[in-house]
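Because the structure is predicted, anything quoted here is derived from the model rather than measured.
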Amino acid sequence: MTDRSSRANQGTYDTFPTSWGVLFLVVAALCYYAFYWRCGLLLSGEEGIAAVVAQRLNAGECPIVDTFLGYNVGWFYPIAWLFKLAGPNYLILRTYFFLLGILSGLTTYLTIRLVTRKGLIAAGTGLLVILMPGVIGRNYMGLLGILGMLTILGVFLIPLNKRLPRPLQLLWMIAAGVSISLAWLIRIDLGFFQSILFLLTALLYLLKPESGFLRRLGSAAIAILILIGTFLAIQGPVYRDAIQRGFGPQFAQQYWVWPSMIRSSACQLVRQLTKPRNAPPITPEHSAISNESPSAQTSPSPAPVSHEENDSSSSVSYNDVSLKRPPLSNILHAPKFKDRVFALLIYLPVPVALLFIGWGLFFILSSWISRSVGCWQSGGILLVSTGSALVLFPQYFFWRPDMVHLAEFMVPFMVTLVIGLWLATSAWRNSTSGKRVLLVLIMLPAALDLGIYAIKGWQTDSAGSIAASRKRHLEFAALNGVRVKLNPQEFTRNTLLRDAILSHSKPGDYVVCYPYFPMVNFMTDRPSYEYNLYADNALPSRQFFDQAKLNIERFHPAVIVIGTGKVNDTESSRFQNWASETYAYIKEHCTLVASDEEVEIYTLNNQRSLQPLRKPPVP
């Protein structure tokens with residue numbers, strides 16, 4: 001299970017040409033995505049946020065100062081550039097995100113081929129990622145996880161028995177530096193975790209059980225210097241641009257606020273897990289997401305979270321304002337089979353990751369005893385691939401345990417599962433009966449996780465799969481290039497929203513959507529004055545009311561759209577419950593002009609006699 005099993009990594013590549021695999025995946029992805037690339041229009045999704053923020057940036061607004069980002073500027077700049085070239089267009093936006101799905105599949109193919117040297121396994125895994133690339137609009141995440149995995153493996157762990165030519169070794173180091181630096185520019189938390197993984201892998205590289213420590217020390221030092229250099233080369237021009245545009249301090253402050261917030265959340269998690277059972281709940285240390293727009297606000301916010309006031313005995317969470325995980329008992333006792341499957345998918349990655357980490361550490365310890373370089377490499381591959389996936393673990397397990405965020409984590413974790421299963425099956429033939437029992441204990445939960453997610457994810461549009469095309473056959477058109485296919489319920493609601501807003505407003509009028517419908521602003525081409533387009537029951541009700549009332553009286557929106565559904569799948573997250581004062585104020589001062597089961601559309605009373613205050617032009 002150690003030395004012999006690790007020799008599989010030292011084999012030769014199979015006869016499956018790399019170019020054939022790339023061509024197969026590109027053609028398969030284009031054919032597959034063509035079936036559903038125009039299906040669906042999520043009013044409350046990340047696509048709407050990305051589109052509206054890109055429009056604001058092109059209009060001259062400053063990131064962070066004038067408009068809330070939540071993520072770093074690299075999440076929005078490419079879309080802003082596309083809109084600047086071709087104009088705001090939803091289909092261009094969709095094409096961009098589907099291209100990211102293709103890149104995720106190709107990166108997966110290269111990673112698996114690099115590790116296993118088996119083209120068919122690599123092509124199959126790449127196809128699996130293309131089939132479920134993560135929800136469209138957020139599939140940066142999986143791509144960044146796989147890119148980090150590929151480049152860190154390429155720098156420190158592969159190849160095994162021969163030295164790379166210096167130019168090729170430097171290319172791997174530059175690729176890793178660029179990948180991690182881009183992660184910092186897109187999602188600071190991902191860049192932070194990947195940088196830690198890079199440094200830990202460099203330390204593991206120094207402990208490789210063979211001669212040449214000084215050579216490895218020099219290579220590791222060069223790799224770290226290149227990482228620092230590429231970080232400065234990528235962040236530097238963006239920072240200079242931020243200074244010129246007036247948000248330099250806010251941009252720079254993110255880079256220490258995010259790590260501080262991560263450390264604070266980790267400490268809070270430890271306290272929550274170690275507190276006495278009957279102790280009062282721990283108050284979160286980070287503040288709720290603000291809807292105000294002071295120029296001094298610089299701190300990023302974590303993913304939006306819900307605030308439950310009722311007993312948490314039926315659910316699990318690391319604090320009282322995070323979305324609740326289903327209880328572990330749901331795996332066996334949930335009333336619906338789909339809820340049992342979902343609970344299993346939420347929790348199963350935990351024991352699988354622990355098994356892989358334990359197995360990897362066993363390989364490393366064994367390699368130091370036996371002086372087996374192959375055993376060391378197998379352990380390193382397991383640890384790096386698992387660590388690269390775990391970069392995305394906190395956001396789904398601790399903060400947002402839903403299918404959208406689970407799917408993001410599973411994109412790189414599917415790659416990890418395939419690598420682990422390949423190592424286990426490679427070790428099977430030369431293992432004793434006792435070792436095979438241990439291998440079965442590793443293989444069964446890993447195969448179960450991969451198999452169940454492949455079935456469930458492919459049937460769920462939250463994983464970015466073709467399930468998005470289910471029952472969506474009605475053509476819907478709106479402004480800014482919105483040309484999509486919807487199901488009958490979506491078609492009715494979107495038509496209602498489009499027609500009501502366009503008939504009660506004119507270009508340039510403000511339209512405000514509570515709590516969270518950014519796509520409504522984009523598809524009607526009506527701006528919002530809100531600094532942060534997202535609001536939910538994590539916000540203090542009175543604070544939200546004071547700010548909303550002030551903004552309504554100041555800007556006089558032509559239309560106010562209210563979603564009355566469960567934002568966080570709880571009764572307390574309905575807008576009329578957590579924002580009851582704001583809801584009552586709107587009903588008193590506005591006229592209801594259209595509605596359906598979960599949407600109400602209002603116009604401001606006597607708005608013709610009011611002169612809306614415009615945001616001051618950006619200099």
Side-chain angles (χ1 to χ4, degrees), residues 46 49-51 53-54 56-58 61-84 93 96-97 99-100 103-104 107 134 137-152 155 173-199 223-262 298-303 388 391-392 394-395 408 411-412:
E46 295 284 351
I49 287 287
V53 170
R56 289 180 170 186
L57 298 183
N58 286 341
E61 293 192 18
C62 287
I64 309 173
V65 174
D66 298 323
T67 184
F68 180 80
L69 300 184
Y71 312 127
N72 207 352
V73 296
W75 188 285
F76 304 97
Y77 275 4
I79 300 167
W81 295 334
L82 287 173
F83 284 0
K84 185 170 291 187
L93 181 71
Y96 171 72
F97 283 118
L99 286 175
L100 294 182
L103 290 177
S104 296
T107 308
R138 289 184 58 91
N139 48 339
Y140 285 106
M141 307 289 285
L143 175 59
L144 290 174
I146 304 169
L147 270 176
M149 183 189 306
L150 171 64
T151 54
I152 293 175
V155 170
M173 293 177 181
I174 293 172
V178 170
S179 171
I180 296 173
S181 299
L182 286 176
W184 278 95
L185 194 62
I186 295 171
R187 277 283 298 247
I188 291 177
D189 53 335
L190 299 191
F192 176 78
F193 288 130
Q194 286 186 344
S195 298
I196 292 176
L197 181 64
F198 184 90
L199 295 176
I224 293 172
L225 289 175
I226 288 177
L227 173 62
I228 296 172
T230 52
F231 178 87
L232 295 176
I234 290 175
Q235 314 295 321
V238 180
Y239 177 59
R240 286 195 297 271
D241 175 70
I243 293 176
Q244 293 174 356
R245 295 170 59 185
F247 67 102
Q250 292 84 355
F251 174 79
Q253 191 175 4
Q254 298 179 104
Y255 288 82
W256 64 263
V257 169
W258 267 99
S260 176
M261 187 182 69
I262 293 169
T298 59
S299 301
S301 297
S388 297
V391 163
L392 298 175
Q395 66 160 357
E408 291 173 358
V411 172

Do Leu69 and Trp75 have side-chain heavy atoms sitting under 4.5 Å apart? no

From Tyr71 OH over to Leu185 CG, what is the distance, rounded to the nearest 0.5 angstrom? 15.0 Å

Which heavy-atom pair separates Ser104 from Asn139 by the least distance, and what is that distance? OG-O, 4.3 Å

Enumerate, atom names and distances included, each donor-acceptor pair closer than 3.5 Å involving a side-chain atom of residues 189-196, sequence neighbours excluded.
from   : atom 1 : to     : atom 2 : distance (Å)
Asp189 : OD1    : Arg187 : NE     : 2.9
Asp189 : OD2    : Arg187 : NH2    : 2.8
Gln194 : NE2    : Leu144 : O      : 2.9
Ser195 : OG     : Trp184 : NE1    : 2.8
Ser195 : OG     : Gly191 : O      : 2.8

Residues Val155 and Ala176: closest non-hydrogen pair is CG2-CB, 3.8 Å

Which pairs would a plain distance check flag for residues 235-243, meaning a side-chain donor or acceptor within less than 3.5 Å of a matching protein atom at least two apart in sequence or in another chain?
from   : atom 1 : to     : atom 2 : distance (Å)
Gln235 : OE1    : Tyr255 : OH     : 2.4
Gln235 : NE2    : Ser181 : O      : 2.8
Asp241 : OD2    : Arg245 : NH1    : 3.2

Rounded to the nearest 0.5 angstrom, the OH-CH2 distance for Tyr96 and Trp81 is 9.0 Å

If we only count heavy atoms from C-beta on, is the Val53 to Phe68 side-chain gap below 4.5 Å? no

Would Tyr140 and Glu46 satisfy side-chain contact (heavy atoms from CB on, under 4.5 Å), going step by step from the backbone distance to the final call? CA-CA 11 Å; Tyr140 285 106; Glu46 295 284 351; over 6 Å; no

Smallest separation among heavy atoms of Val73 and Pro63, with atom names: CG1-CB, 4.0 Å

So does Ile226 get a backbone contact from the side chain of Thr230, meaning a donor-acceptor N/O pair under 3.5 Å? yes

Is the shortest side-chain heavy-atom distance between Pro412 and Leu392 below 4.5 Å? yes

How close do Gly134 and Val411 get, counting heavy atoms only, and between which atoms? N-CG2, 4.0 Å

If you measure from CG on Leu147 to CD1 on Ile152, what distance do you get to the nearest 0.5 Å? 10.5 Å

So, for Ala54 and Ile79, which heavy atoms are closest and what is the spacing to 0.1 Å? CB-CG2, 3.7 Å

Rounded to the nearest 0.5 Å, what separation is found between the CG atom of Leu182 and the CG atom of Asn72? 11.0 Å

Given side chains that start at C-beta, do those of Ile64 and Gln253 come closer than 4.5 Å, heavy atoms only? no

Taking it one step at a time, do Leu57 and Tyr77 satisfy side-chain contact (heavy atoms from CB on, under 4.5 Å)? CA-CA 8 Å; Leu57 298 183; Tyr77 275 4; 3.9 Å; yes

On a heavy-atom basis, the closest approach of Phe247 and Cys62 is CD2-CB, 4.2 Å

Approximate separation, where rounding is to 0.5 Å, of Thr107 OG1 and Leu143 CG: 5.0 Å

